[in-house]
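Labels below follow one simple rule: chain letters A, B, ... track the order of the sequence lines, proteins then strands, and each chain is numbered from 1. This one's a predicted model, so the numbers in the text were calculated from it and none came from an experiment.
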Amino acid sequence: MRHWLLKSEPNVFSLEDLKNCPNQTEHWDGIRNYQARNLMRDGMKVGDRAFFYHSRQAEPAIVGTVRVVREAYPDHTSWDTTSKYFDENSSEENPRWLMVDVQFESEFSLPITLKELRNIPELKEMFLLRKGMRLSIQPVTEEEFELILSLVKD
DNA sequence: GCCAACGTTGGC
DNA sequence: GCCAACGTTGGC
């Protein structure tokens, strides 16, 4: 099993929103970056766990965890002309972009903030903390995942 | 809201 | 195939 981190702007789609979805499950659409797409396609398996990260807010933070419940399949918003994720180079016959389905797993009683993560020497190499690292889907090592989970006080 | 860092596009 | 211009991300 592999581990991941999924970024989302909470005003666009938050962990709360995921909790309120039917079956607490939603497709992770709108990924328009090849590296992120390839990680979904080649790496993500049903049962994998991922952190849910809120970006572009006053205090960016990991707010909980989700599980992958469906492996990569075509992102239908890419050929939906009314979607802001529309891509004229993608079609139902020849989809360029993919998505996975994720299900809510847990919400931390206290978010683990980016600031907090930066203060942990063992996480120095973590993708999220590297300069200029903007990938919205990132691999997380098992050690990093367990260490961060151990910080959660519930 | 600013702007540095990054990815993509497209002219040549 | 280079690289300038442009658009986007995301911390601050």
inquiry  = Apply ring-ring contact (aromatic ring centres under 6.0 Å, His included) to residues A/Trp28 and A/Phe52 and explain how you reach the verdict.
reply    = CA-CA 12 Å; A/Trp28 202 260; A/Phe52 198 112; 5.5 Å; yes
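- We find that A/Arg32 and A/Asp75 are joined by a salt bridge, their nearest charged nitrogen and carboxylate oxygen being less than 4.0 Å apart.
- The 12-atom threshold is not exceeded at CD of A/Gln35, counting heavy atoms of other residues, nucleotides or ligands nearer than 6.0 Å.
- A cation-pi arrangement is absent between A/Arg37 and A/Tyr34, since the terminal nitrogen or guanidinium carbon is not both under 6.0 Å from the aromatic centre and inside a 45° cone about the axis.
- Running 5' to 3' along DNA chain B, contacts with non-hydrogen atoms of chain A at under 4.0 Å begin and end at B/dA5 to B/dT8.
- Inspection of the A/Tyr73 and A/Asp101 side chains reveals an N or O donor paired with an N or O acceptor under 3.5 Å.
- The shortest side-chain heavy-atom distance between A/Asp17 and A/Val12 does not fall under the 4.5 Å cut-off.
- Taking every heavy atom of residues 81-90 of chain A and every atom of DNA chain B, no pair lies under 4.0 Å.
- Judged by distance alone, the side chain of A/Gln57 and the main-chain N or O of A/Glu59 form a donor-acceptor pair under 3.5 Å.
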